[in-house]
A.B. asks: 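To start, I am sharing the structure in question, which I have written as structure tokens.
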Amino acid sequence: MNETFTKAMARNIFYGGSLFFILVFLGLTFHTERTLPERDHRENINEQVILGKKVWEENNCVGCHSLLGEGAYFAPELGNVYTRYGNSKEAIIGFIKSRPENGIPGRRSMPQFNLSDQELEAVAEFLKWTSEINTSNWPPNDQG
Amino acid sequence: MKYQSQSVARLYFIAALGLFAGQILFGLIMGLQYVIGDFLFPAIPFNVARMVHTNLLIVWLLFGFMGAAYFLVPEECETELYSPKLAVVLFWVFLIAGALTIVGYLMVPYAALAKMTGNDLLPTMGREFLEQPLITKIGIVLVALGFLFNLGMTVLRGRKTVITSVLMIGLIGLAVMFLFSFYNPENLVRDKFYWWWVVHLWVEGVWELILGAILAFVLIKTTGVDREVIEKWLYMIIAMALITGILGTGHHYFWIGAPEYWQWLGSIFSAMEPIPFFMMTMFAFTMVRKRRRDHPNKAAVMWAMGTGVMAFLGAGVWGFLHTLAPVNYYTHGTQITASHGHLAFYGAYAMIVMCIISYAMPLIRGRVANSQKSQRTELWGFWLMSISMLLITLFLTGAGILQVWMQRYTDTPLPFMVVQDKIEIFYWLRLISGVGFMAGLGVYFWSFFIGTEEEAAKDNAQMMAMAK
């Protein structure tokens with residue numbers, strides 16, 4: 001960097017550039033918030049979906065699974081598990097319920113979380129709602 | 001060391017390295033669980049090990065940043081720290097809170113921990129990297145406030161430099177963005193949208209300011225290049241970091257339900273995110289080439305150049321690899337993501353903390369640099385860890401490419417677990433590389449205990465004489 005380009009100029013690029021892009025980002029956030037209702041189907045977020053999200057969080061499901069591609073990569077993607085399981089909440093509930101307490105020898109296994117019937121129903125409802133979010137066609141196929 | 005109060009950094013550095021070792025241990029446990037699925041099951045399920053692994057990473061880096069700040073701010077401001085006592089008190093508060101949290105993860109089922117710690121009052125837990133109980137999160141905020149107060153008072157009464165301004169902006173930004181961890185909307189899409197304001201705007205935003213400031217400080221000290229030149233570079237690097245990084249957040253908004261214009265914005269701006277990291281590499285190498293003195297601490301200079309190169313590879317190249325929306329459509333949430341995460345965190349943040357430790361620890365221990373023998377050992381640790389991490393990255397990339405191919409980019413996609421079995425060999429190779437990393441860390445630790453005071457003094461005198 002030569003002499004005509006001074007430290008003051010560099011400083012101004014930093015402060016001016018950062019401020020400009022912070023404002024643009026805030027503007028886009030505002031716009032995103034306004035358009036989200038069409039894509040997230042928030043009208044379907046009922047008490048069960050809310051409880052289901054809490055069950056999801058309080059059992060740290062994201063510590064093994066990904067949800068819409070975010071989380072851990074140790075276990076399958078669950079954003080579309082509702083469709084993968086043939087649009088069946090019962091199949092989701094059945095899977096969670098049937099996990100063996102002591103795992104499967106030599107294999108990865110989901111822990112037995114001993115969820116109540118209400119919690120099971122709620123987490124399935126949450127995953128159903130999640131599968132209906134408009135994610136621009138992600139994941140590419142049912143396998144997640 | 002010019003000011004007595006700088007020595008408070010020692011506590012922070014030692015804790016950082018101790019927690020680092022814990023992080024690697026749990027990394028190895030997870031590496032084993034990837035190939036032997038029931039390893040330690042159900043005592044330590046994968047999700048618990050992962051939580052410990054990632055939370056320890058965050059906490060040890062924060063300890064490292066705080067130690068760095070306590071060391072460099074008094075020296076830059078040319079005054080003693082406002083309150084060394086407060087720094088010590090906050091250290092113990094943070095360490096004990098952190099340790100209790102980790103013990104909580106390991107001893108109690110996560111759902112029970114959530115109940116015990118009042119997650120019902122304000123649900124914030126169970127989101128990736130932000131798994132800490134509410135009280136821990138509040139504790140982090142209080143420690144951060146005390147820390148910023150202590151530094152702020154020091155800066156106010158001392159000399160103002162660009163390095164301290166940039167460091168302070170970075171640290172304040174870190175604390176402010178963390179406040180979004182308390183915001184957890186019931187709508188998953190909005191939850192994810194603001195979750196990234198903590199995670200992305202930390203590691204691809206304000207943390208880069210902290211990284212830049214520490215790097216600039218070490219380069220001024222070890223190369224003797226004019227401050228004006230270094231500060232100009234620093235401003236340009238962090239300008240590019242924020243100009244590209246803020247809208248670069250968009251690369252996380254492709255598939256979570258946000259509007260589709262983010263695919264364009266996120267792709268374009270995050271494609272430019274390698275620029276600041278490339279500039280950091282150029283910065284370190286140019287300053288070393290133009291050096292006006294030969295500092296006896298060769299190891300610190302090596303870390304400074306290493307962090308530039310590895311951050312550029314990990315954050316820059318491996319980030320670019322999967323950041324364009326059409327590519328990310330297939331790679332999102334696969335082992336490709338994991339490979340990038342590992343090299344980026346190691347190159348940018350783990351290495352800058354080891355860089356400042358390498359520079360500052362000998363000074364705190366009353367010598368300009370460690371003995372030649374000790375530095376040679378430290379460099380062995382440097383190479384072992386860096387090469388192991390490169391191998392981990394390459395093997396995870398291999399696993400990721402195959403995973404994308406078989407599970408996503410094919411007419412006959414296979415189920416997740418079937419694919420995991422088919423790519424097992426890469427997980428074994430990754431595990432072996434992880435053992436290599438642990439060995440490197442051991443060698444690095446060993447270097448602290450090598451060489452006597454006299455040897456260090458003799459080697460340094462010799463270096464000084466040669467430089468003249």
Side-chain angles (χ1 to χ4, degrees), chain A residues 1 5-7 10-11 13-14 17-18 21-22 24-25 28 31-32 35-36 39-40 42 45 50 53-54 56-64 66-77 101-109 111 113 130 133-136 138-144, chain B residues 33-34 36-38 41-42 45-48 50-51 110-111 114 119 123 125-128 131 186-190 192-193 228-229 231-233 235-236 238-239 242-243 246-247 249 254-260 262-263 265 329-330 332-335 337-338 407-409 413-417:
Chain A
M1 281 190 253
F5 184 75
T6 63
K7 189 173 89 181
R11 184 191 60 210
I13 293 174
F14 167 63
S18 305
F21 282 103
I22 287 171
V24 172
F25 188 61
L28 289 166
H31 180 267
T32 297
T35 52
L36 272 187
R39 299 176 61 94
D40 61 23
R42 60 187 61 181
I45 301 181
I50 293 169
K53 182 167 183 279
K54 196 148 171 285
W56 167 270
E57 287 166 358
E58 294 194 336
N59 291 282
N60 195 29
C61 304
V62 83
C64 292
S66 56
L67 189 64
L68 304 186
E70 293 165 4
Y73 323 112
F74 189 69
E77 160 69 27
E101 199 75 51
N102 288 311
I104 305 163
R107 310 270 316 159
R108 300 180 200 176
S109 171
F113 288 104
T130 304
I133 296 168
N134 180 351
T135 55
S136 308
W138 194 90
N141 63 61
D142 258 2
Q143 300 298 353
Chain B
Q33 289 176 334
Y34 253 93
I36 303 173
D38 63 344
F41 192 92
F46 181 85
N47 71 308
V48 172
R50 184 177 198 263
M51 200 158 50
Y110 192 69
N119 195 49
M125 294 172 68
R127 296 176 301 151
E128 196 184 5
E131 296 93 347
E186 287 163 345
N187 183 337
L188 179 74
V189 179
R190 298 186 63 246
K192 284 175 174 291
F193 192 88
E228 281 292 303
V229 177
E231 289 176 343
K232 199 171 16 171
W233 271 93
Y235 268 133
M236 281 316 291
I238 60 170
L242 293 191
I243 287 170
I246 292 172
L247 286 191
T249 315
F254 296 164
W255 326 114
I256 62 164
E260 280 168 20
W262 285 112
Q263 290 180 27
L265 282 171
Y329 183 68
Y330 293 102
H332 182 49
T334 63
Q335 296 299 325
T337 319
Q407 189 187 316
R408 297 258 173 90
Y409 194 84
L414 296 172
F416 178 90
M417 276 315 299

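Chain A is the first sequence line, chain B the second, and so forth, proteins listed ahead of strands; every chain is numbered from 1.
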A.B. asks: Let me see the working for B:Glu260 and A:Arg39 under salt bridge (Lys or Arg N to Asp or Glu O under 4.0 Å), right down to the final yes or no.
C.D. replies: CA-CA 10 Å; B:Glu260 280 168 20; A:Arg39 299 176 61 94; 3.7 Å; yes
A.B. asks: Can you tell me if B:Gln407 uses its side chain to pair, donor with acceptor, with the backbone of A:Gly144 under 3.5 Å?
C.D. replies: yes
A.B. asks: Contact part of B:Pro259 toward chain A, heavy-atom cut-off under 4.5 Å: side chain, backbone, both or neither?
C.D. replies: both
A.B. asks: Side chains of B:Tyr34 and B:Phe46: does their closest heavy-atom pair fall under 4.5 Å?
C.D. replies: yes
A.B. asks: Donor-acceptor check, side chain of B:Tyr110 to backbone of B:Gly126, threshold 3.5 angstrom: yes or no?
C.D. replies: yes
A.B. asks: Under 4.5 Å between any side-chain heavy atoms of B:Trp255 and B:Lys192, yes or no?
C.D. replies: no
A.B. asks: Heavy-atom pairs under 4.5 Å with chain A: which of B:Met417, B:Arg408, B:Met51, B:Gln33 has the most?
C.D. replies: B:Arg408
A.B. asks: With chain A, which of B:Ala258, B:Ala114, B:Pro42, B:Pro123 has the greatest number of heavy-atom pairs at distances under 4.5 Å?
C.D. replies: B:Ala258
A.B. asks: What distance separates A:Leu68 CG from A:Thr130 OG1, expressed to the nearest 0.5 Å?
C.D. replies: 6.5 Å
A.B. asks: Who among A:Ser66, A:Ala75, A:Pro139 has the most heavy-atom pairs with chain B under 4.5 Å?
C.D. replies: A:Ala75
A.B. asks: Where on A:Ile104 is there a heavy atom nearer than 4.5 Å to chain B: the side chain, the backbone, both, or neither?
C.D. replies: backbone
A.B. asks: Among B:Leu265, B:Ile256, B:Val48, who wins on heavy-atom pairs under 4.5 Å with chain A?
C.D. replies: B:Ile256
A.B. asks: Highest number of heavy-atom pairs under 4.5 Å with chain B: which of A:Asn134, A:Thr32, A:Asp40, A:Leu67?
C.D. replies: A:Thr32
A.B. asks: B:Leu414 versus chain A, heavy atoms under 4.5 Å apart: side chain, backbone, both or neither?
C.D. replies: backbone
A.B. asks: Work out which heavy atom in A:Ile133 is nearest to a heavy atom in B:Gly257; give both atom names and the distance.
C.D. replies: CG2-CA, 3.8 Å
A.B. asks: Out of A:Thr135, A:Asn60, A:Asn141, which one racks up the most heavy-atom pairs below 4.5 Å with chain B?
C.D. replies: A:Asn60
A.B. asks: Does any backbone or side-chain atom of B:Met125 lie under 4.5 Å from a heavy atom of chain A? Answer side chain, backbone, both or neither.
C.D. replies: backbone
A.B. asks: Quick check on the interface: out of A:Pro105, A:Pro111, A:Gly71, who has the most heavy-atom pairs with chain B under 4.5 Å?
C.D. replies: A:Gly71
A.B. asks: If you measure from CD on A:Glu57 to CG on B:Leu188, what distance do you get to the nearest 0.5 Å?
C.D. replies: 8.5 Å
A.B. asks: Taking the six-membered ring of A:Phe74 as reference, does the cationic atom of A:Arg108 (NZ for Lys, CZ for Arg) lie under 6.0 Å from its centre and within 45° of its axis?
C.D. replies: yes
A.B. asks: With side chains defined as the heavy atoms from C-beta onward, is the minimum distance between B:Phe254 and B:His332 less than 4.5 Å?
C.D. replies: no
A.B. asks: Looking at B:Tyr409, I want to see if its OH is surrounded by more than 12 non-hydrogen atoms of other residues, nucleotides or ligands under 6.0 Å.
C.D. replies: no
A.B. asks: What residue, out of A:Cys61, A:Ser18, A:Gly106, A:Gly17, has the most heavy-atom pairs lying under 4.5 Å from chain B?
C.D. replies: A:Gly106
A.B. asks: Which one, B:Tyr329, B:Phe193, B:Trp262, B:Tyr330, leads in non-hydrogen pairs under 4.5 Å with chain A?
C.D. replies: B:Tyr329
A.B. asks: Just by modelled atom types, is the A:Phe5 backbone N or O under 3.5 Å from a matching donor or acceptor in the B:Lys232 side chain?
C.D. replies: yes
A.B. asks: Would you mind checking which part of B:Gln263 comes under 4.5 Å of any heavy atom in chain A, side chain (CB onward), backbone (N, CA, C, O), both or neither?
C.D. replies: side chain
A.B. asks: In Å, rounded to the nearest 0.5 Å, how long is the span from NZ of A:Lys7 to CD of B:Glu231?
C.D. replies: 4.0 Å
A.B. asks: Taking every heavy-atom pair that is under 4.5 Å apart, which of B:Val189, B:Ile238, B:Leu242, B:Ile36 has the most such pairs with chain A?
C.D. replies: B:Ile238
A.B. asks: Give, as side chain, backbone, both or neither, the part of B:Glu228 having an atom under 4.5 angstrom from any heavy atom of chain A.
C.D. replies: both
A.B. asks: Under a 4.5 Å heavy-atom cut-off, does chain A meet the side chain of B:Thr249, its backbone, both or neither?
C.D. replies: side chain
A.B. asks: Against chain B, label A:Thr35 side chain, backbone, both or neither, depending on which of its atoms sit under 4.5 Å from a heavy atom there.
C.D. replies: side chain
A.B. asks: With respect to chain B, which residue among A:Gly63, A:Ser109, A:Gly103 yields the maximal number of heavy-atom pairs within a distance under 4.5 Å?
C.D. replies: A:Gly63
A.B. asks: Need one label for B:Pro415: side chain, backbone, both or neither, based on atoms under 4.5 Å from any heavy atom in chain A.
C.D. replies: both
A.B. asks: Checking A:Asn102 against chain B: side chain, backbone, both or neither under 4.5 Å from a heavy atom?
C.D. replies: both
A.B. asks: Under a 4.5 Å heavy-atom cut-off, does chain A meet the side chain of B:Arg50, its backbone, both or neither?
C.D. replies: side chain
